[in-house]
Amino acid sequence: MNMVKPAGLIFGIVFVFFSQTILAADSPMDQLKSTIDSVITTLKDKSLDSEARRSKIRVLINDRFYFRAMSQRTLSRYWKKATPQQQKQFVSLFSKLLENTYVGRLEAYTNEKVVYLRERNKNAKRAVVYTQIETGSTEIPINYKLARKNDKWLIYDVVIEEVSLISNFRSSYAEIIKKEGMDGLLSKMEKKLAEVPVKTTNAS
Amino acid sequence: MIIIDKNKRNILLFIAAIPLLYSIQGHAYQSPEGIMVAVSNPQTKDIKADDDFTVDDEDEIKVNDPFESFNRAIFKFNDELYTGVMKPIAIGYRAVIPEKARSSIKNFFTNLLAPVRVVNAALQLKGQDATNELVRFGVNTIIGFAGLLDVARDDFNIKIKKEDFGQTLGHYGMGSGPYLVLPLWGPSSVRDGFGLLVDGVYLDPVAYLDKTEDYLIVRFIDIETTISLDKDTYEAIKKDSLDPYIFIRNAYTQQRTGAVNK
C-alpha cells in the first residue's frame, strides 16, 4: 500500500511534465504562423478603427518579437558600452521603429499569399522558418530567425530576399554612433518616430 | 538603363573595363572572396547565453565605399528623379492599367531577358539552371503568349533563377570592387556595373533594337511596369530608416553576396 503513493506521485509528476512538453511542442513554424495569421486577420478587420487595430497588432507583435535580443544584435559592441539607461531607451525606441517597419510592410502585402515552406532547427535554442510571399508576378522569400525563450519561439531577425534587417540596422546605426555618439543616435530615433507618417500610395 | 549606339559598344566596354581591371589589381592582396566580403568572426560562432545577443553566429557585412560622397550625390539625383518623375507616372499607370495586365507585361520583359540567365548559368557551368531557363523561355514564349504568362512557373513549377554577368564574375572569385550608385539605375558595384553593361549590350534583346528612341520607349515601359507593381518599397525604406543611403547600400551588398553564393 505504501508503494502506491510514491508511484502515483511519480506518475503525476511525469504526467504533468509530459503534458507540458506536449503543450510546448508547438514548432517554431506553428508559433510564427499563428502570430502572422492573427496580424493579417487584424489588418483585414474592418470593424476596428485604425487606432484599435494598431494597438491590437502591437500586442501581437510584442508577444512574438524578441526586441531586447534584436536591440543587442543591432548595437552589437556598442550595447556593452551603453549605460543601462541608454540600453533601456534604445530597446523602447527600436521596438517602435521595428514595429512600424514591419506592420507597414505587412499592410502593403495583406492580400498576397503567405506560404510557409519549411523550418530548420539549428539547435535547441535557434531555428529558422522559411516563408514566401507570392504575388502575381514574383515571389519574395522571407526567413524568420527565432530563438527559444522558455517555451516560446521569438523572432530575433527577419531576412527578406537574403537581406537581414538586423544587419541593415546595425550598419546604419554604427555609422551614426561613430559620428554622433549613442545619445546622437537616440535623439535621431526619437525624431524619426515623431515624424508624421508619410502617407503611402495605395499599392496594387 | 544603358543607352548605347551599337557601333560604340566595344569602346564603351573597353572604357568600363579599366576601373574593373584597376579594382582587381589594386585589391589583389585582399581575401579571395573579394573586397566586399562578409567577414565572420570565429569567436562569435558559439551560441551565447540566452540573454546576450550582442554577438551571434551572424556574418557582419563590410562594404567598401571609397566614393561615398560621389555616390551620395548620384543617390540624391536618383531619389529626385524617382520621386518627382518616375513614381508619379507609375501611380498614374497603376490607376489606368489593371494589376493583372501589368503583371503580364512584367512577365513579358522577364521572359525577354532569358538569354541573360541562360548564358550566365551556362558560364557558371550550372547545367540544370541553364536548362531550366531554356525550357522556361521555350514554354513561356510558345504557350505563354510570348511570355505574357509565366506558364512554366504556374503549370510546370519551373521557377526562375536569376543569373547575370556580375554573378558569373563573382562565381569565379572576383570581388565586387567598390560600391557604386549608378545614375538612373541605382545601387551597384564596379563588378556588377560592368556585368550590367555586358548583359545589357550583348544579351538583352532590347539592345538590338535599331533606333535609340525605340530602345528608350521599351526600357521606359519596362521600368514603369516594375515600379507600378512594387509595393512602395523605396518609400518604406525612406520613411523608416535613419539613413536610407546606408540601408540600401547594405541591403544591396547582402543581396548580391547571397545571389553569388547561390
Side-chain angles (χ1 to χ4, degrees), chain A residues 66 68-80 97-98 100-101 104-105 107-109 112 122-123 125-126 135-139 145 147-149 156-157 159-176 185 188-189 191-192 195 197-198 200-204, chain B residues 38 44 47 50-63 87 90-91 94 98-100 102-107 110 150 153 159-160 225-226 228-233 235-259 261-262:
Chain A
Y66 202 164
R68 191 179 163 81
M70 294 176 124
S71 301
Q72 289 184 339
R73 287 166 65 73
T74 297
L75 289 183
S76 68
R77 64 182 183 281
Y78 296 109
W79 176 265
K80 283 177 183 143
L97 278 172
L98 271 176
N100 287 349
T101 307
R105 290 288 76 198
E107 266 167 352
Y109 288 92
E112 310 297 347
K122 283 181 169 170
N123 54 53
K125 290 197 176 296
R126 294 283 193 280
T135 74
S137 54
T138 185
E139 288 160 354
K145 294 191 177 180
R148 206 175 80 180
K149 196 185 180 193
Y156 68 90
D157 197 0
V159 183
I160 305 167
E161 281 188 288
E162 315 267 353
V163 178
S164 144
L165 264 192
I166 292 300
S167 163
N168 258 18
F169 281 114
R170 189 183 330 178
S171 57
S172 19
Y173 287 12
E175 293 225 355
I176 294 166
L185 174 70
K188 269 208 153 134
M189 293 169 82
K191 247 172 83 186
K192 192 86 213 172
E195 275 173 22
V198 180
T200 48
T201 48
N202 233 342
S204 61
Chain B
T44 65
I47 301 298
D50 279 4
D51 55 347
D52 186 4
F53 276 80
T54 51
V55 281
D56 207 325
D57 53 347
E58 261 312 284
D59 290 343
E60 196 177 321
I61 299 289
K62 295 246 187 287
V63 186
K87 188 64 188 229
I91 291 170
R94 258 182 207 166
E99 189 188 348
K100 272 233 149 61
R102 284 180 284 119
S103 274
S104 296
I105 296 171
K106 170 86 178 160
N107 285 338
T110 306
D150 194 342
R153 182 194 64 191
K159 287 181 177 155
I160 189 167
T225 308
T226 307
S228 82
L229 287 166
D230 173 65
K231 298 189 186 293
D232 305 325
T233 311
E235 283 84 349
I237 291 171
K238 242 172 77 170
K239 180 166 81 76
D240 293 325
S241 67
L242 301 182
D243 187 340
Y245 174 83
I246 300 175
F247 198 93
I248 289 174
R249 185 177 72 186
N250 184 290
Y252 178 79
T253 307
Q254 286 194 58
Q255 208 260 322
R256 290 300 289 180
T257 308
N261 294 331
K262 240 192 210 164

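In the text below, chain A, chain B and the rest are named by the order of the sequence lines, each starting its count at 1.
Note on B:Asp232 versus B:Lys87: salt bridge recorded, some NZ/NE/NH1/NH2 to OD/OE distance being below 4.0 Å. By the 4.0 Å N-to-carboxylate-O rule, B:Lys239 lies too far from A:Glu195 to be salt-bridged with it.
Per-residue heavy-atom pair counts under 4.5 Å with chain A were compared for B:Ser104, B:Pro98, B:Gly258, and the maximum is reached by B:Gly258. Per-residue heavy-atom pair counts under 4.5 Å with chain A were compared for B:Lys100, B:Lys106, B:Gln254, and the maximum is reached by B:Gln254.
Residues satisfying the salt bridge (charged side-chain N to carboxylate O under 4.0 Å, His left out) criterion with A:Glu162, sequence neighbours excluded, are B:Lys262.
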Test side chain to side chain donor-acceptor pair (under 3.5 Å) on A:Ser172 and B:Asp243 and set out the steps.
CA-CA 6 Å; A:Ser172 19; B:Asp243 187 340; over 6 Å; no
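The contact between A:Ile176 and chain B is made entirely by side chain atoms (from C-beta outward), counting heavy-atom distances below 4.5 Å. Residue A:Tyr78 does not touch chain B at all, counting heavy-atom pairs closer than 4.5 Å. For A:Met70, no part sits under 4.5 Å from any heavy atom of chain B, backbone or side chain. Within the 4.5 angstrom heavy-atom criterion, only side-chain atoms of A:Glu112, from C-beta onward, approach chain B. Using a 4.5 Å cut-off between heavy atoms, B:Thr110 makes no contact with chain A at all. For a residue to count as touching a neighbouring chain, one of its non-hydrogen atoms must lie under 4.5 Å from one of that chain's; by this rule B:Arg249 touches chain A with the side chain only. Of the atoms belonging to A:Thr138, it is backbone heavy atoms, and not side-chain ones, that fall under 4.5 Å from chain B.
Between B:Phe53 and A:Tyr156, the two ring planes are tilted [angle within 30° to 60°].
Looking at B:Asp230 and B:Thr226, their side chains never come closer than 4.5 Å, going by heavy atoms from C-beta outward. Contact check for A:Lys192 versus B:Leu242: side-chain heavy atoms found under the 4.5 Å cut-off.
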